[in-house]
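Here the structure is a predicted model, which is why all the values come from computation and not from measurement. In what follows, chains are A, B, ... by sequence order, proteins preceding strands, each numbered from 1.
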Number of protein chains: 2
Amino acid sequence: MPLGFPSPVKQASIDDLDRRSRRRRQTIDEILDVAHELMAEQGVAALSLSAVARRMGMQPPSLYQYFPSKMAIYDAMFGRGAQAVLDVRRAAIARKAKADPLTRMRAGATAMCRWAIANPVYSQLLFWRTVPGFEPSTEAFAPAVETVAELRTLLQAAVDAGQLDPDAASDDGVALSTSLIAGLLSQQLANQPDVTFDRGRFTRLLPTVLDLFVEHYRPGRNS
Amino acid sequence: MPLGFPSPVKQASIDDLDRRSRRRRQTIDEILDVAHELMAEQGVAALSLSAVARRMGMQPPSLYQYFPSKMAIYDAMFGRGAQAVLDVRRAAIARKAKADPLTRMRAGATAMCRWAIANPVYSQLLFWRTVPGFEPSTEAFAPAVETVAELRTLLQAAVDAGQLDPDAASDDGVALSTSLIAGLLSQQLANQPDVTFDRGRFTRLLPTVLDLFVEHYRPGRNS
DNA sequence: GTCTATACTACGATAGAC
DNA sequence: GTCTATCGTAGTATAGAC
């Protein structure tokens, strides 16, 4: 390229790259938002790329600039949902930072449960995995692993504070607590999908179920 | 038709009707069996009539002699599954006919749970209802209603026998007991779908969970 | 009651122009 | 990065012959 001539090709500045990648992220987010909408309307497993493109005013092939396949969209949704659960739970626990471990555990469980009922599409993806051919990638699954790890940590804190028996922080304790909550969610979403958390016949039982857990692992109780 | 001439059209005898309707029933059963196979292989929501026909050595249009639509097949499967749950539970309880109500309740729950894990396709249909566009008909749903009714009756018997607090037979008691079991099933099927009931990290907790329930409704316990 | 033929629609994904 | 065009496949369902 001869010196003294400004390049006819526009130089890509840092700002341009920022703008471009921000634009790209926006499009990706919009795709996921629209996919979520459609899943809510037609069923999670009924997602179609054509429908997504139609609603976005795009042509279907354009979607392949952002996701290499339909399953990649499901995977991104899974990751998004798992991250949201992690965030929601952390936020609820942070709000009770000064409270005892059991209070924080209850707050985390309640917030997560409330979010799950308000977001049935994500719940179905995360907790049931009923989309034919879809399995989440390790990356998308990571926040879910972290959520369970943090649950275990909190249970251990309750044990250390003398609020729970040491068994509560075992594999069984973790499995039991997740199962108790999954049961309420499962029944609520299957039988009263359009009822709010507060009014649900099943989710209403959350405090009771948490009591059951705490009582079961009451320290000194030879279970 | 002139007398003295045997009809050239073969008279349809009672036996013929029997044979014909039996044959028809067999075909219907085979369709449902094959549909079940395919759902197990490809995913419940991925059922395709063409695939059913292919595997049966039929042409797709022939299926419409037996089911008016794909959803009708889902509905029949739902009904079949709900009836199976009812039967399995009743059989387990009948085997403990002479035992106390709580023992029978535990037996029923265990048998049902075991069956559900061994039949994940039906479980997904019955307990999650994640097939886009499908809702079970009242007829198909009837055995499920009956199962819950019988659960309530059994809880009431336990109350009457002084084994449980009267609250156990309330709406909340029923919802709680179904949720506890649904939780184990849900977690087991989503996280360890190919592990047996006996070895499952979650289903293994069934006795514990039943204890939780019984303890919660222990008579005289002011809960 | 099974078939052939077909209508109709839709889908996921790729190639290549602009 | 978006488009048009298209491939290849699949699907549900119906009409009508046999």
Side-chain angles (χ1 to χ4, degrees), chain A residues 8-10 12-13 15-32 34-35 37-39 41-77 131-135, chain B residues 8-10 12-13 15-32 34-35 37-39 41-77 131-135:
Chain A
V9 175
K10 196 177 166 226
S13 71
D15 280 356
D16 281 341
L17 285 176
D18 271 5
R19 246 196 302 274
R20 233 171 269 173
S21 75
R22 194 163 46 232
R23 181 95 180 85
R24 190 178 164 78
R25 276 261 307 271
Q26 280 175 357
T27 305
I28 287 178
D29 280 345
E30 195 191 338
I31 290 171
L32 295 178
V34 169
E37 265 180 39
L38 287 167
M39 290 186 198
E41 295 167 15
Q42 324 262 355
V44 172
L47 179 68
S48 109
L49 297 187
S50 315
V52 173
R54 253 195 311 279
R55 189 161 294 192
M56 290 183 70
M58 276 180 146
Q59 292 303 318
S62 303
L63 293 173
Y64 287 82
Q65 295 294 326
Y66 303 95
F67 293 98
S69 72
K70 190 167 88 157
M71 287 310 159
I73 293 185
Y74 279 119
D75 203 50
M77 293 273 299
V131 178
F134 168 63
E135 290 212 31
Chain B
V9 177
K10 197 176 166 226
S13 71
D15 280 356
D16 281 340
L17 286 175
D18 271 5
R19 247 195 301 271
R20 234 170 269 171
S21 74
R22 194 162 47 231
R23 181 96 180 85
R24 190 179 163 77
R25 277 260 305 270
Q26 281 175 355
T27 305
I28 287 177
D29 280 345
E30 196 191 339
I31 291 173
L32 295 179
V34 170
E37 265 180 37
L38 287 168
M39 290 185 199
E41 295 168 15
Q42 323 262 355
V44 173
L47 179 68
S48 107
L49 297 187
S50 314
V52 173
R54 254 195 310 277
R55 190 162 293 192
M56 289 183 70
M58 277 180 146
Q59 293 303 317
S62 303
L63 293 173
Y64 286 83
Q65 295 294 327
Y66 303 95
F67 293 98
S69 72
K70 191 167 89 156
M71 288 308 159
I73 293 186
Y74 279 119
D75 202 51
M77 293 275 296
V131 178
F134 169 62
E135 290 211 32

*Asks:* Please answer whether the main-chain N or O of Val44(B) pairs with a side-chain N or O of Tyr74(B) as donor and acceptor at a distance below 3.5 Å.
*Replies:*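 Yes.
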
*Asks:* Using a cut-off of 4.0 Å on non-hydrogen atoms, how would the nucleic acid contact of Ser69(A) be classed: base, sugar-phosphate, or nothing?
*Replies:* sugar-phosphate

*Asks:* Would you kindly give the CG-to-P distance between Leu63(A) and dT14(C), to the nearest whole Å?
*Replies:* 13 Å

*Asks:* Is it the case that atom CD in Glu41(A) sees more than 12 heavy atoms from other parts of the structure closer than 6.0 Å?
*Replies:* yes

*Asks:* Check whether more than 12 heavy atoms from other residues, nucleotides or ligands sit under 6.0 Å from atom CD of Glu135(A), and answer yes or no.
*Replies:*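 Counting neighbours around CD of Glu135(A), 12 or fewer heavy atoms of other residues, nucleotides or ligands fall under 6.0 Å, so no.
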
*Asks:* For the pair made of CG in Leu49(B) and P in dT12(D), what is the distance, rounded to whole Å?
*Replies:* 4 Å

*Asks:* Between atom CE in Met56(A) and atom P in dC3(D), what is the gap in whole Å?
*Replies:* 10 Å

*Asks:* Reckon Gln65(B) has a side-chain N or O less than 4.0 Å from the OP1 or OP2 of dT2(C)?
*Replies:* no

*Asks:* Using atom CZ of Arg23(A) as one end and atom C1' of dG1(D) as the other, report the distance to the nearest whole Å.
*Replies:* 10 Å

*Asks:* Calculate the interatomic distance between Tyr66(A) atom OH and dA13(C) atom P; express it in whole Å.
*Replies:*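 Atom OH in Tyr66(A) sits about 17 Å away from atom P in dA13(C).
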
*Asks:* Which is more 5' along DNA chain C, the nucleotide nearest Met71(A) or the one nearest Arg24(B)? Just name the residue.
*Replies:*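 Closer to the 5' end of DNA chain C: Arg24(B).
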
*Asks:* Just checking Leu47(B): base, sugar-phosphate only, or nothing, at a heavy-atom cut-off of under 4.0 Å?
*Replies:* sugar-phosphate

*Asks:* Think Ser50(A) has a side-chain N or O under 4.0 angstrom from the OP1 or OP2 of dG12(C)?
*Replies:*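 Looking at the OP1 and OP2 atoms of dG12(C), one of them is under 4.0 Å from a side-chain N or O of Ser50(A).
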
*Asks:* Once you apply a heavy-atom cut-off of 4.0 Å, does Ser62(A) come out as touching a base, just sugar-phosphate, or nothing?
*Replies:* base

*Asks:* Reckon Pro61(B) touches a base, only the sugar-phosphate, or nothing at all at heavy-atom distances under 4.0 Å?
*Replies:* base

*Asks:* Counting just side-chain N and O atoms, does Ser48(A) come under 4.0 Å of either OP1 or OP2 of dC11(C)?
*Replies:*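 Checking Ser48(A) against dC11(C): at least one side-chain N or O falls below 4.0 Å of OP1 or OP2.
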
*Asks:* Nearest heavy-atom pair of Leu32(B) and Ala76(B): which atoms, and what distance?
*Replies:* CD2-CB, 3.9 Å

*Asks:* So with a 6.0 Å cut-off around CZ of Arg24(A), is the heavy-atom count from everything else above 12?
*Replies:*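 Atom CZ in Arg24(A) is packed in, count exceeds 12.
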
*Asks:* Indicate whether OP1 or OP2 belonging to dC3(C) is found under 4.0 Å from a side-chain N or O atom of Tyr64(B).
*Replies:*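 For dC3(C), OP1/OP2 do not have a side-chain N/O of Tyr64(B) under 4.0 Å.
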
*Asks:* Can you tell me how far C1' of dT12(D) sits from CG of Leu38(B), to the nearest Å?
*Replies:* 16 Å

*Asks:* To the nearest Å, how far apart are Phe134(A) CZ and dG12(C) P?
*Replies:* 16 Å

*Asks:* When you measure from the side chain of Arg54(A), which nucleotide among dT14(C), dC11(C), dG1(D) comes out closest?
*Replies:* dC11(C)

*Asks:* Once you round it to whole Å, what is the distance between C1' of dA5(C) and CD of Gln59(B)?
*Replies:* 10 Å

*Asks:* With a non-hydrogen cut-off below 4.0 angstrom, is Phe67(B) in contact with a base, only sugar-phosphate, or nothing?
*Replies:* nothing

